[in-house]
Amino acid sequence: MKMTEAIRSRRSVRTFNGTALSPEDAQKILAFAEEAGNPYGIPITWKILQAKEHGLTSPVIVGTDVYIAGKMSRVPHAEEAFGYSFEKIVLFAESLGIGTTWIAGTMNRDTFERAMELAAGEVMPCVSPLGYPAAKMSLRESMMRKGIKADSRFAFEELFFDGSPEKALTEKEAGRLADILQAVRWAPSAVNKQPWRVVVCGDKAHFYEKRSKGYVAENGWDLQKIDLGIALCHFELAAKESGLDAVLEIGDPGFPIGEDMAYIASYVIHEPGGAGQEE
């Protein structure tokens, strides 16, 4: 399965069929996770955790006792790096027929953090169950998805812009980038807030965070930056499958933006072997 196919086929899974995750599948996912990396070069330690061994619980998960979690140092761009890497793992699991869902709050976090042996200065942003999806969602899961409109997304023109944040970009005008931006559009996000906005300027795509209240902790940790990392991951994977290279850089173009907006990063897009390609 191509990653772009996994992007469109995947949904969050909270109801599993009770079949234990095979050791072979667990090892495949862990091996992939250890090589997933991120464009920020920030190391992340991954572990697959057994709920019964560590006393792990989540009130929204039924039918599996296996989780994957990652820990990392709390450094600049940690949120984006984690979102990028974890989404690659989630999409790889989808390609194996294994269900996942991002969990940041609905779990006994202290117990998960002890299982991950969190040290001072480290953070465990999110976890995900791993298992084989049940044939039918639970009523609780169905209601949760309906409540956040999980199967819908903002219109293309609300998320993507042409040359400046003031001019909407249509799918037709996006040309070859249309499918890549659609992959970004379908990225998952906390409570389906879709906090990414992308301004396309020639061979660059500038990513911004559209902040919502209540997602930044007192210590400055920004949950929605994890969502931006997911969006960056989708852009890069889709660009690669479209035959383009996308190289991440930090270079704020300086557009005037509102107080609820923040520049995150930019992708430079070019043909493989073209100008700007790293050796």
Side-chain angles (χ1 to χ4, degrees), residues 6 10-18 21 25-26 29-30 33 36 44-72 74 78-94 96 98-118 122-134 137-151 187-195 212 214-217 221-231 233:
R10 182 192 170 270
R11 65 168 178 84
S12 296
V13 177
R14 299 174 179 84
T15 311
F16 299 85
N17 68 8
L21 184 71
D25 281 343
I29 291 174
L30 189 58
I44 304 174
T45 300
W46 303 98
K47 290 185 180 181
I48 289 182
L49 305 172
Q50 302 293 331
K52 292 179 180 178
E53 178 182 350
H54 299 285
L56 310 175
T57 61
S58 170
V60 299
I61 302 303
V62 178
T64 187
D65 292 322
V66 180
Y67 292 84
I68 185 168
K71 66 177 181 177
M72 63 197 307
R74 194 189 296 270
E79 298 100 319
E80 303 97 291
F82 186 88
Y84 179 101
S85 295
F86 205 32
E87 181 65 0
K88 285 183 74 174
I89 297 165
V90 161
L91 293 173
F92 178 72
E94 173 70 15
L96 299 177
I98 296 168
T100 57
T101 191
W102 292 69
I103 299 177
T106 51
M107 59 175 163
N108 54 342
R109 177 169 281 277
D110 289 346
T111 307
F112 274 91
E113 290 180 348
R114 284 197 296 271
M116 287 297 292
E117 301 178 299
L118 219 62
E122 290 185 328
V123 61
M124 182 199 74
C126 302
V127 306
S128 173
L130 297 172
Y132 308 109
M137 285 185 280
S138 69
L139 178 60
R140 180 201 295 249
E141 182 173 9
S142 297
M143 294 301 292
M144 287 178 67
R145 292 183 63 81
K146 183 177 180 180
I148 64 172
K149 300 179 180 179
D151 296 315
S189 57
V191 201
N192 201 24
K193 288 289 186 179
Q194 305 160 62
S212 300
Y215 288 86
V216 180
W221 185 262
D222 187 345
L223 182 62
Q224 289 190 311
K225 284 185 178 178
I226 295 177
D227 296 337
L228 265 293
I230 299 172
C233 176

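Each residue takes its place number in the sequence, starting with 1. Since the model is a prediction, treat every value here as computed from it, not as a measurement.
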(request) Quick one: pull up CD in E122 and OG1 in T45 and give me the separation to the nearest 0.5 Å. (result) 6.5 Å
(message) Is there a side-chain contact (heavy atoms from CB on, under 4.5 Å) between H54 and M116? Walk through the geometry before answering.
(response) CA-CA 10 Å; H54 299 285; M116 287 297 292; over 6 Å; no
(message) Has R10 got a side-chain atom pairing as donor or acceptor with A93's backbone, closer than 3.5 angstrom?
(response) no
(request) Taking all non-hydrogen atoms of both residues into account, name the closest pair between M72 and A81 and its distance. (result) CE-CB, 4.2 Å
(request) Identify the heavy atoms of I89 and A36 that sit nearest to each other, and give their distance. (result) CG1-CB, 4.4 Å
(request) Begin from the C-alpha positions of M107 and L56 and carry the test side-chain contact (heavy atoms from CB on, under 4.5 Å) through to its verdict. (result) CA-CA 8 Å; M107 59 175 163; L56 310 175; over 6 Å; no
(request) Indicate yes or no: at least one non-hydrogen side-chain atom of K71 is less than 4.5 angstrom from one of E117. (result) yes
(message) For a quick check under 3.5 Å, do Q194 and S189 share a side-chain donor-acceptor pair by atom type?
(response) no
(message) Tell me the closest heavy-atom pair linking W102 and P188, and the distance in Å.
(response) NE1-CG, 4.4 Å
(message) Looking at every heavy atom in both P125 and I226, which two are closest together, and how far apart are they?
(response) CB-CD1, 3.8 Å
(request) Write down the atom of F16, the atom of G99, and the distance for their closest heavy-atom approach. (result) CE2-O, 3.6 Å
(request) Taking the side chain as every heavy atom from C-beta outward, state whether R114 and L118 have any atom pair closer than 4.5 Å. (result) no
(request) Return the minimal non-hydrogen interatomic distance between I44 and G70, and the atom names on each side. (result) CG2-CA, 4.2 Å
(request) Spell out, as yes or no, whether a donor-acceptor pair under 3.5 Å connects the side chain of K47 to the backbone of I68. (result) no
(request) Would you check if the side chain of T64 reaches a backbone N or O of L130 as a donor-acceptor pair within less than 3.5 Å? (result) yes
(message) Looking at R14, is its backbone amide N or carbonyl O close enough to the side chain of E141 to form a donor-acceptor pair, meaning the two atoms are under 3.5 Å apart?
(response) yes
(request) Would you sort out whether R145 and M137 count as a side-chain contact (heavy atoms from CB on, under 4.5 Å), showing the intermediate values? (result) CA-CA 10 Å; R145 292 183 63 81; M137 285 185 280; 3.4 Å; yes
(message) Can a donor-acceptor pair be found, under 3.5 Å and without considering hydrogens, that links the side chain of N108 to the backbone of T57?
(response) yes
(message) Taking D227 first and then K193, would you say they form a salt bridge - that is, a charged N and a carboxylate O separated by under 4.0 Å?
(response) no
(message) A side-chain contact here means heavy atoms from C-beta on lying under 4.5 Å apart; do I98 and I29 qualify?
(response) yes
(message) Looking at D65 and K52, would you say the former's side chain and the latter's main chain have a donor-acceptor pair under 3.5 Å?
(response) no
(message) Under a 4.0 Å threshold between the charged nitrogen and the carboxylate oxygen, would E80 count as salt-bridged to K225?
(response) no
(request) State the NZ-CD1 distance between K88 and I230, to the nearest 0.5 angstrom. (result) 14.0 Å
(request) Return yes if some donor-acceptor pair links the side-chain N/O of E79 with the main-chain N/O of W221 below 3.5 Å, else return no. (result) no
(request) Ignoring hydrogens and angles, tell me if any N or O in the side chain of T106 forms a donor-acceptor pair with the backbone of S58 under 3.5 Å. (result) no
(message) Using 0.5 Å steps for rounding, measure from the CD1 atom of I61 to the OG1 atom of T101.
(response) 6.0 Å
(message) Checking the side chain of R109 only, and the main-chain atoms of A104 only, is there a donor and an acceptor separated by less than 3.5 Å?
(response) yes
(message) For the CD1 atom of I148 and the OG atom of S12, what is their distance to the nearest 0.5 Å?
(response) 7.0 Å
(request) Report yes or no: do Y132 and D25 form a side-chain donor-acceptor pair below 3.5 Å? (result) yes
(message) Are F112 and L49 packed together at the side-chain level, in the sense that at least one heavy-atom pair is separated by less than 4.5 angstrom?
(response) yes
(message) Is the shortest side-chain heavy-atom distance between I48 and V66 below 4.5 Å?
(response) yes
(request) With the side chain counted from C-beta on, respond yes when I103 and S128 share a heavy-atom pair under 4.5 Å apart, and no when they do not. (result) no
(message) Ring centroids only, cut at 6.0 angstrom: are F82 and W46 within range, meaning strictly under it?
(response) yes
